[in-house]
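Worksheet for the structure shown next.
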Amino acid sequence: MTTDVITRPAVLILLGPPGAGKGTQARVLEAKFGLVQLSTGDLLRAAVAAGTPAGKAAKAVMEAGGLVSDEIVINILRDRLAAPDCAKGVILDGFPRTTVQAEALDGLLAESGQKINAAISLEVDDSAMVARISGRYTCAGCGEGYHDSFKQPATVGTCDKCGGTEMSRRADDNAETVASRLAAYHEQTAPLIAYYDSKGALKKIDAMGEIKAIAGGLARIVTEVTS
Ligand code: AMP
């Protein structure tokens, strides 16, 4: 349930390697603050499933754990940001992932007189990421995320949120691809931490603990940067 609606449209970025919990935490913030979670990974997976030209171009890169071209991702993000629901404010999960994308985002927001409220870096140990990623799965009905070890539904096999019983695992959530995805993060995305720090927009949070505790810390940051 939405408890703390933000009245001015906010733009928040969650930064962090694959497995840091960006998707999980974005969904919590979405529910708590009435923001829209915008995941370029989800948008790309939908494009792949729909067989669009962008999806066809992205498929092999995603399966290999590399980064899809800036041009494709920026176009997808631009279209999604223009949808009316995004006027409530957005949490970007998995975007930007390169400096080119970060600059494009600044430009897109400037067109409507906006700028980001904060880029929040979820700080985690790489060594824990493989276990986190390889155990995760999602409710096919509502997208709620679960994990074999860290977050099982109350009744195994049944989604707590929507009661669905079809669960799916991502094709790229395997040990080999995870190594490539972590490498792509360190080479191309981690420099964004310095990028946002230099703009005075960086916040950091220790994201190695319990999901609920991290969510509480994030909510405090969001309240601070949006009030
Ligand atoms: P995610 O769901 O965020 O883990 O993304 C899954 C995959 O989609 C990544 O490994 C990339 O191949 C691709 N992807 C998602 N977002 C981006 C982005 N902003 N830039 C480039 N590739 C992306």
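In each ligand, atom 1 is the first atom listed, and ligand 1 is the first ligand listed.
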What atoms in ligand 1 come closer than 4.0 Å to a heavy atom of Arg45?
2 (O), 6 (C)
For the pair Asp93 (side chain) and Leu38 (backbone), establish whether a donor and an acceptor sit closer than 3.5 Å, ignoring hydrogens and angles.
no
Check whether Asn75 reaches the backbone of Glu71 with its side chain - one donor and one acceptor, N or O, closer than 3.5 Å.
yes
Checking heavy-atom distances from atom 1 (P) of ligand 1 to each of Glu63, Arg97, Lys22, the winner is Arg97
Within ligand 1, which atoms have a heavy atom of Arg181 less than 4.0 Å away?
4 (O), 10 (O)
What I want to find out is whether Asp173 reaches Arg132 closely enough, with some N-O distance under 4.0 Å, to be called a salt bridge.
no
Between Lys88 and Gly34 (side chain of the first, backbone of the second, donor and acceptor by atom type, cut-off under 3.5 Å), is there such a pair?
no
Strictly under 4.0 Å, does any heavy atom of Gly66 approach an atom of ligand 1?
yes
Can you tell me the protein heavy atom closest to atom 4 (O) of ligand 1 and the distance?
Arg170 NH2, 3.0 Å
Say whether Ile76 and Val11 are linked into one hydrophobic cluster, either directly or through other cluster members, by side-chain heavy-atom distances under 4.5 angstrom.
yes
Counting only nitrogen or oxygen atoms and a 3.5 angstrom limit, does Gln101 reach ligand 1?
yes
Would you say Met62 and ligand 1 have an N/O pair spaced under 3.5 Å apart?
no
Asp172-ligand 1 polar pair, N/O distance under 3.5 Å
no
Say whether, by atom type as modelled, one donor and one acceptor occur between the side chain of Asp197 and the main chain of Leu202 under 3.5 angstrom.
no
Taking distance alone, with N or O pairs closer than 3.5 Å, would you say Leu44 contacts ligand 1?
no
I'd like to know if the side chain of Thr98 reaches the main chain of Gln188, judged simply by a donor and an acceptor atom lying under 3.5 Å from each other, with no hydrogens or angles considered.
no
List every atom of ligand 1 that sits less than 4.0 Å from any heavy atom of Val73, numbering the atoms from 1 in the order shown and giving each element.
18 (C), 19 (N), 20 (N), 21 (C)
How far is atom 22 (N) of ligand 1 from its nearest protein heavy atom, and which residue and atom name does that atom have?
Val68 N, 3.1 Å
I'd like to know if the side chain of Asp125 reaches the main chain of Ser127, judged simply by a donor and an acceptor atom lying under 3.5 Å from each other, with no hydrogens or angles considered.
no
